[in-house]
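Below is one structure; the comments refer to it alone.
Chain identifiers are assigned alphabetically (A, B, ...) following the order of the sequence lines, protein sequences preceding nucleic acid strands; residue numbering begins at 1 within each chain. What you see is a predicted model, and the numbers here were worked out from it, not measured in a lab.
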Number of protein chains: 2
Amino acid sequence: MNQHASHKPDYEKELRRAGVRITRPRRVILGILTETDDHPDAMEIFQRASAVDSSISLSTVYRTMKLLEELGAIHRHAFEGGRARFEQADGDHHDHLIDIDTGDVIEFHSDRIEALQEEIARALGYDIVHHRLELYGRKRRKS
Amino acid sequence: MNQHASHKPDYEKELRRAGVRITRPRRVILGILTETDDHPDAMEIFQRASAVDSSISLSTVYRTMKLLEELGAIHRHAFEGGRARFEQADGDHHDHLIDIDTGDVIEFHSDRIEALQEEIARALGYDIVHHRLELYGRKRRKS
DNA sequence: AATGCAATTGCAAATCGTTTGCAATAAAAA
DNA sequence: TTTTTATTGCAAACGATTTGCAATTGCATT
């Protein structure tokens, strides 16, 4: 099991490569995504974007996130509790531990769990297309 | 890893013990839940209930499911794709493999995965409150 | 069996997160 | 700079679920 270290992607380059226009709202949103390491939801991104340019709409945030998701630049997660949350897609697969008190997300990866999942699916006659492993926990109190 | 075998619960007794009234709509819904082994969503339950008594409303289905959930008699799962799905809560914990083509749900349990999850959480300084492990797969083609 | 009253119902409207139609605006190609 | 077309903000629509409310119904009591 090991935690994961992130590196900054160049979203603007990715979008340009996809042939979409680099507009002012998009530039602001991409900037926010680039400088964040957590897992914000659309509303959080919208608020941070509004602080930079108050004319940006929530719709544009959603549209931009959908665009980035389709390009494979970000991942959308439906953790418990309403809103979807986003994170940059930096190649390496990982699962999530969500702090139920703060909402913080810790990424982790376990080859052993992945292998067991494969084993189980095979035994049931299935090929795994994707999976979802989320641990919801609380920080252990110092004893 | 082993699959799970279900046994019929007496929902009506559980409700009565909780001091709620056994109404006609509730009796119909409980009957449907008792005789099903799959993981229906509220709309499916509503449709099956409507076939028995067309005056039953979707609201009542939702209210009854919430009631049973609060009593711990059923579990609610937010698998991918819109609606929540329900299953009887028969003590033993299990995870789910969802057939992405049919929506079928196969239950499984792995002590080894559970142990690894605990290990990971501990290493990160957390206690697991609950977790979600869902495998989304496709039936392996006979080769 | 008739009564009384709180629990339960069906309905419509509200909610929440997200998406969409549309006319106005702005990128970027010419 | 003009033109073309993508993108925007807005408001309205959306789908799943919940809720307020007046009407109904279980059921404990006579």
Side-chain angles (χ1 to χ4, degrees), chain A residues 11-33 39-71 73-86 103, chain B residues 11-32 39-71 74-86 103:
Chain A
Y11 292 119
E12 197 162 320
K13 183 169 292 176
E14 293 205 54
L15 284 188
R16 193 161 274 134
R17 179 156 47 79
V20 305
R21 293 180 181 170
I22 305 303
T23 64
R24 175 153 168 59
R26 278 183 184 153
R27 221 188 300 273
V28 172
I29 293 167
L30 299 184
I32 288 164
L33 293 180
H39 296 64
D41 58 45
M43 186 55 66
E44 285 165 355
I45 296 167
F46 169 64
Q47 284 163 349
R48 297 181 204 176
S50 295
V52 178
D53 177 346
S54 66
S55 74
I56 291 173
S57 76
L58 183 54
S59 307
T60 294
V61 172
Y62 275 113
R63 282 192 272 236
T64 302
M65 299 320 280
K66 172 170 281 190
L67 191 52
L68 291 170
E69 195 189 1
E70 286 164 358
L71 294 179
I74 61 171
H75 288 316
R76 174 191 301 253
H77 296 291
F79 298 144
E80 292 183 351
R83 323 216 225 276
R85 299 175 65 174
F86 305 92
Chain B
Y11 292 120
E12 196 162 323
K13 182 168 290 174
E14 292 205 56
L15 284 188
R16 194 162 272 132
R17 180 156 46 78
V20 306
R21 292 180 180 170
I22 306 303
T23 64
R24 173 151 171 62
R26 278 182 184 154
R27 221 187 301 271
V28 172
I29 294 168
L30 299 184
I32 288 164
H39 297 63
D41 59 45
M43 186 55 64
E44 286 165 355
I45 296 167
F46 169 63
Q47 284 162 350
R48 297 181 203 176
S50 295
V52 178
D53 177 347
S54 67
S55 75
I56 292 173
S57 76
L58 182 56
S59 305
T60 295
V61 172
Y62 275 114
R63 281 192 272 237
T64 302
M65 300 319 282
K66 172 170 281 190
L67 191 52
L68 291 170
E69 195 189 0
E70 286 165 358
L71 294 179
I74 62 170
H75 287 315
R76 174 191 301 252
H77 296 292
F79 298 143
E80 291 183 352
R83 322 216 225 275
R85 300 175 64 173
F86 305 92

Check: Salt bridge check: are E70(B) and K66(B) linked by an N-O gap of less than 4.0 Å?
Finding: no
Check: Picking from dC11(C), dT5(D), dA7(C), which would you name as closest to the side chain of R63(B)?
Finding: dC11(C)
Item checked: Quiz item: R21(B) side-chain donor-acceptor pair to dA6(C) base, under 3.5 Å -> yes
Next item on the list: Could you tell me the separation between the CD atom of E69(B) and the C1' atom of dT17(D), rounded to a whole number of Å?
Entry: 12 Å
Next item on the list: In whole angstrom, give the distance that lies between atom CE of M65(A) and atom C1' of dT7(D).
Entry: 17 Å
Check: Within the structure, does a side-chain N or O atom of R26(A) lie under 4.0 Å from either OP1 or OP2 of dT7(D)?
Finding: yes
Next item on the list: Would you mind reading off the distance between I45(B) atom CD1 and dT17(D) atom C1', rounded to a whole angstrom?
Entry: 13 Å
Margin query: Please find the pair of heavy atoms, one from I74(A) and one from E69(A), that lie closest to each other, and give the distance.
Written below: CG1-N, 3.6 Å
Notebook entry, point to check: Given atom CG of D53(B) and atom C1' of dT24(D), what is their separation to the nearest angstrom?
Noted result: 14 Å
Item checked: Length of the CG-P vector between L58(A) and dC16(C), whole Å -> 14 Å
Next item on the list: Take I56(A) and R76(B), find for each the nucleotide of DNA chain D with the closest heavy atom, and name the residue whose nucleotide sits nearer the 5' end.
Entry: I56(A)
Item checked: Nearest-nucleotide pick for S59(A), side chain only, options being dA6(D), dC11(C), dT20(C) -> dT20(C)
Margin query: Checking contacts here: which listed nucleotide (dT7(D), dG10(C), dC10(D)) is nearest the side-chain heavy atoms of V20(A)?
Written below: dT7(D)
Notebook entry, point to check: Counting only N and O atoms by type, is there a donor-acceptor contact under 3.5 Å from the side chain of T60(B) to the main-chain atoms of I56(B)?
Noted result: no
Checklist line | Whichever of S55(B) and A84(A) has its nearest DNA chain C nucleotide further upstream toward 5' | finding: S55(B)
Notebook entry, point to check: At their closest point, which heavy atom of I45(A) faces which heavy atom of I32(A), and how far apart are they?
Noted result: O-CD1, 4.0 Å
Notebook entry, point to check: With respect to the side chain of T23(B), which nucleotide from dG10(C), dG26(D), dT17(D) is positioned closest?
Noted result: dG26(D)
Item checked: Considering all heavy atoms, the nearest V61(A)-I29(A) contact -> CA-CD1, 3.8 Å
Item checked: Separation of dT18(D) P from M43(B) CE (nearest whole Å) -> 13 Å
Margin query: When you measure from the side-chain N and O atoms of Y62(B) to the phosphate of dT17(D), is any distance below 4.0 Å, counting only OP1 and OP2?
Written below: yes
Item checked: For A18(A) against L71(A), the heavy-atom pair lying closest together -> CB-CD2, 3.6 Å
Notebook entry, point to check: Between R83(B) and dA16(D), is there a side-chain N or O to OP1/OP2 distance below 4.0 Å?
Noted result: yes
Next item on the list: Return the 5'-most residue of the pair L67(A), D41(B) with respect to DNA chain D, ranking by each residue's nearest nucleotide.
Entry: L67(A)
Notebook entry, point to check: Once you round it to whole Å, what is the distance between P of dA6(D) and CZ of R16(A)?
Noted result: 17 Å
Check: What integer distance in Å separates L15(A):CG from dT8(D):P?
Finding: 10 Å
Next item on the list: Ignoring the backbone of P25(A), work out which of dT8(D), dT4(D), dT9(C) is nearest its side chain.
Entry: dT8(D)
Item checked: N or O in side chain of K66(B) less than 4.0 angstrom from dT18(D) OP1/OP2 -> yes
Check: Under 4.0 Å between a side-chain N/O of T60(B) and OP1 or OP2 of dG10(C), yes or no?
Finding: yes
